[in-house]
Amino acid sequence: MAHIVQADRVIWETEDNFQKQTYRNRAYIAHSNGKLLLNVPVKHIHGVRQKSRDVLTDENVNWQKQHFKSIRIAYRTSPFFEYYEDDFEELFAHPAERLMEHNLRIYDFLQEILGFQKETSVTDKFEHEPEGVLDLRYLVNAKKDFGFVPEPYTQVLEEAHGFLPNLSVLDLIFNEGPQAFTYLKNQKL
């Protein structure tokens, strides 16, 4: 999110082949046991490569209710959870048929909450090495450590686990509130 806040514009890749185990359908939050994975279940079509824009969520799993319940339990004692709770709950109340549409709805919401607006577009074709842009698509890989260590901020469960880096931006928002944007803007990338 710090890269997005510090960028001039954002181009979302929609024409690549969807890959499992990426941040396209997962995020980590702080939990009483450490990090908790929130995973959006998606429908895989055996033997068929799906474009990211075409991936459907699995509506047979009530993941939205489960995710919000986990977020509520994890952050209910954080300084700013009550302030943002109703707005975030609304995100989980809308049906999310397509993963990409859901992610873009979350992004738009985060822009509003954090108080920034970027020129944003989506790709209309896949380019291996796009010209004229900083290509950060590799950051979507959830299994790879890129060595980025954010500056610590106060976390609600810090006493139990120490500072947990690279969690969902929700952690930052619920713990830092209106200062979250300044924090992201000042990160050394």
Side-chain angles (χ1 to χ4, degrees), residues 1-7 10 12 21-42 57 62-94 96 99-100 102-118 120 136-189:
M1 199 65 193
H3 279 286
I4 290 171
V5 165
Q6 294 181 32
V10 178
W12 295 106
Q21 300 185 2
T22 64
Y23 288 118
R24 288 178 179 93
N25 68 321
R26 63 179 50 205
Y28 291 93
I29 62 170
H31 194 267
S32 59
N33 295 329
K35 287 185 176 184
L36 176 69
L37 172 64
L38 300 180
N39 189 48
V40 176
V42 297
T57 63
N62 196 357
W63 60 270
Q64 289 176 290
K65 183 177 179 181
Q66 292 170 357
H67 283 195
F68 191 73
K69 181 179 177 183
S70 295
I71 291 167
R72 179 179 279 138
I73 290 168
Y75 293 106
R76 65 180 168 221
T77 61
S78 66
F80 294 94
F81 181 73
E82 283 185 15
Y83 183 76
Y84 296 114
E85 179 180 12
D86 292 339
D87 296 327
F88 273 100
E89 188 171 24
E90 184 68 23
L91 272 180
F92 293 92
H94 293 288
L99 180 64
M100 181 62 70
H102 178 66
N103 287 342
L104 292 175
R105 184 170 43 246
I106 290 171
Y107 171 72
D108 289 341
F109 178 75
L110 290 173
Q111 283 190 108
E112 184 180 323
I113 289 292
L114 292 169
F116 74 96
Q117 190 72 35
K118 297 286 175 185
T120 306
L136 298 175
R137 293 178 293 188
Y138 67 92
L139 293 175
V140 77
N141 186 337
K143 295 295 183 181
K144 197 166 185 176
D145 180 8
F146 298 106
F148 174 71
V149 181
E151 291 292 320
Y153 55 89
T154 303
Q155 293 176 322
V156 72
L157 298 172
E158 191 170 358
E159 191 172 300
H161 305 290
F163 178 72
L164 297 172
N166 299 320
L167 297 176
S168 166
V169 71
L170 297 180
D171 187 79
L172 176 66
I173 291 169
F174 292 145
N175 285 298
E176 293 291 321
Q179 293 303 312
F181 175 78
T182 302
Y183 172 88
L184 292 167
K185 191 77 173 158
N186 292 331
Q187 287 301 294
K188 293 183 176 85
L189 304 175

key: Aromatic ring proximity, centroids under 6.0 angstrom, Phe88 and Phe109   =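 Ring centres of Phe88 and Phe109 closer than 6.0 Å.
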request  = Taking the six-membered ring for Trp and the full ring for Phe, Tyr or His, determine whether the centres of Phe146 and Tyr138 are under 6.0 Å apart.
outcome  =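 Yes - the distance between ring centres of Phe146 and Tyr138 falls below the 6.0 Å cut-off.
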Ignoring hydrogens and geometry, is there a side-chain-to-backbone donor-acceptor pair from [X] to [Y] under 3.5 Å?
| X | Y | answer |
| --- | --- | --- |
| Gln21 | Lys143 | no |
| Asp171 | Gln155 | no |
| Lys185 | Gln6 | no |

request  = Run the numbers on Phe80 and Glu176 for side chain to side chain contact (heavy atoms under 4.5 Å, CB included), then give the verdict.
outcome  = CA-CA 7 Å; Phe80 294 94; Glu176 293 291 321; 5.5 Å; no
Within a radius of less than 6.0 Å around [atom1] of [X], do more than 12 heavy atoms belonging to other residues, nucleotides or ligands occur?
| X | atom1 | result |
| --- | --- | --- |
| Lys69 | NZ | no |
| Tyr83 | OH | no |
| Lys65 | NZ | no |
| Glu82 | CD | no |

Least distance between heavy atoms, [X] atom then [Y] atom:
| X | Y | result |
| --- | --- | --- |
| Asn33 | His161 | C-CE1, 3.5 Å |
| Asn166 | Pro150 | OD1-CD, 3.5 Å |
| Ala74 | Val156 | O-CG1, 3.9 Å |
| Phe181 | Val5 | CE1-CG1, 3.4 Å |
| Ala96 | Gln64 | CB-NE2, 3.9 Å |
| Ser32 | Leu157 | N-CD1, 3.7 Å |

Quick check: do [X] and [Y] have side-chain heavy atoms less than 4.5 Å from each other?
| X | Y | result |
| --- | --- | --- |
| Tyr183 | Leu172 | yes |
| Met1 | Leu114 | yes |
| Phe174 | Ile71 | yes |
| Trp12 | Leu104 | yes |
| Leu184 | His3 | no |
| Arg72 | Phe68 | yes |
| Leu167 | Lys35 | yes |
| Asn175 | Tyr75 | yes |

query = Who are the salt bridge (charged side-chain N to carboxylate O under 4.0 Å, His left out) partners of Glu151, not counting sequence neighbours?
reply =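 Per chain and number, Glu151 pairs via salt bridge (charged side-chain N to carboxylate O under 4.0 Å, His left out) with no residue.
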With rounding to the nearest 0.5 angstrom, report the [atom1] to [atom2] distance, [X] to [Y].
| X | Y | atom1 | atom2 | answer |
| --- | --- | --- | --- | --- |
| Gln187 | Phe148 | CD | CZ | 4.5 Å |
| Leu37 | Ser70 | CG | OG | 10.0 Å |
| Ile113 | Tyr84 | CD1 | OH | 6.0 Å |
| Thr154 | Glu159 | OG1 | CD | 12.0 Å |
| Ile4 | Leu136 | CD1 | CG | 9.0 Å |
| Glu112 | Gln117 | CD | CD | 9.5 Å |

task = Answer with yes or no whether the side chains of Asn141 and Tyr23 bring together a donor and an acceptor at under 3.5 Å.
result =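 There is no such pair (donor and acceptor under 3.5 Å, judged by atom type) between the side chains of Tyr23 and Asn141.
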task = Can you spot which of Thr57, Asn25, Asn39 makes a side-chain contact (heavy atoms from CB on, under 4.5 Å) with Trp63?
result =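 Testing Trp63 for a side-chain contact (heavy atoms from CB on, under 4.5 Å) against Thr57, Asn25, Asn39 leaves exactly one candidate, Thr57.
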